[in-house]
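We're numbering straight along the sequence, starting at 1. First listed ligand is number 1; within each ligand, the first listed atom is number 1.
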Amino acid sequence: MDLVFATHNTNKLKEIQTLLKNTQFNIKGLQQIGCTEEIPETGNTLEENALIKARYVYKKYNINCFSDDTGLEIDALNGDPGVYSARYAGDVCNADDNINKVLQNLNDVSNRTARFKTVIALILEGKEFTFEGVVEGTITSTRQGEKGFGYDPIFKPNGYSLTFAEMSLEEKNKISHRGKATEKFSAFLKNS
Ligand code: IMP
């Protein structure tokens, strides 16, 4: 059965195709169904945004689909950057700008607790399901490590002395927000 992943990110698509290869589902990307537009993310929560993207594809293309949304929530910043993680430093910005803004806003702040959260929203035969993965940790005071992407150089998961940017992808996936959400999602699909 075809199942569309509502993303334009081909790396994410390949990763999930590998993870779900032992299920009855044939995972397709947006390009394969002729959807080239950016789907607006207008929600106030990760769950809303994930559902908005999945509902958009389901309604317009009438096909089973899922989407994901991820954010970094920092307690001392009242949960920011949260849903704005990708564009925290402005509409046109990169990961470096976002990290600089976080470090600036946490300058002299002692409470550095934070978490990464991923929500996957699935619409299967008109029914909606969500799967959440969370990893708790702290924000370091300087960048550590070169691997990964986004906020990885400043996020240290609880119980580890390394940031995500100092871990191999395999190590990160075992404990990460995305890894946990995907595990729940794939277990559900395998039983569907
Ligand atoms: P998305 O919903 O997966 O596109 O993620 C939104 C933003 O959150 C990205 O642009 C990154 O800045 C950040 N982000 C998501 N996942 C990770 C991660 O695993 N490590 C570091 N930053 C991440």
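In this structure, the protein non-hydrogen atom closest to atom 4 (O) of ligand 1 is Lys12 NZ, 3.7 Å. Thr70 O, 3.4 Å is the protein heavy atom nearest to atom 6 (C) of ligand 1. The single protein non-hydrogen atom nearest to atom 8 (O) of ligand 1 is Ser85 CB, 3.5 Å, given as residue, atom name and distance. Nearest protein heavy-atom contact of atom 16 (N) of ligand 1 is Arg178 NH2, 2.5 Å. The protein heavy atom nearest to atom 20 (N) of ligand 1 is Asp152 OD1, 2.6 Å. For atom 17 (C) of ligand 1, the nearest non-hydrogen atom of the protein is Phe149 CZ, 3.3 Å.
For Tyr151, the closest heavy-atom approach to ligand 1 falls below 4.0 Å. Taking a 4.0 Å cut-off on heavy atoms, Asp69 registers as neighbouring ligand 1. Taking 4.0 Å as the cut-off, Phe116 counts as a neighbour of ligand 1 on heavy-atom distance. In this structure, His177 counts as a contact residue of ligand 1, since one of its heavy atoms falls inside 4.0 Å of the ligand.
Ion pair Lys60/Glu37 flagged as a salt bridge, since at least one NZ, NE, NH1 or NH2 atom sits closer than 4.0 Å to an Asp/Glu carboxylate oxygen. Classification of Lys53 and Asp69 as a salt-bridged pair holds, one side-chain N sitting under 4.0 Å from a carboxylate O. No salt bridge links Lys147 with Glu166; every basic N to acidic carboxylate O contact stays at or beyond 4.0 Å. A salt bridge does not link Arg112 to Asp75: none of the charged nitrogens lies less than 4.0 Å from a carboxylate oxygen. Under 4.0 Å is where a charged nitrogen must lie from a carboxylate oxygen, and between Asp96 and Arg143 at least one such pair does.
Ligand 1 places these atoms under 4.0 Å from at least one heavy atom of Gly150: 21 (C), 22 (N). Counting atoms of ligand 1 from 1 in the listed order, those under 4.0 Å from a heavy atom of Lys172 are 18 (C), 19 (O), 20 (N).
At a threshold of 4.5 Å between non-hydrogen side-chain atoms, the residues Val134 and His177 do not count as touching.
No chain of hydrophobic side-chain contacts below 4.5 Å, direct or via other Ile, Leu, Val, Met, Phe, Trp or Tyr residues, connects Phe188 to Val119.
Taking the centre and axis of the six-membered ring of Tyr88, the NZ or CZ atom of Lys101 falls inside the cone set by 45° and 6.0 Å.
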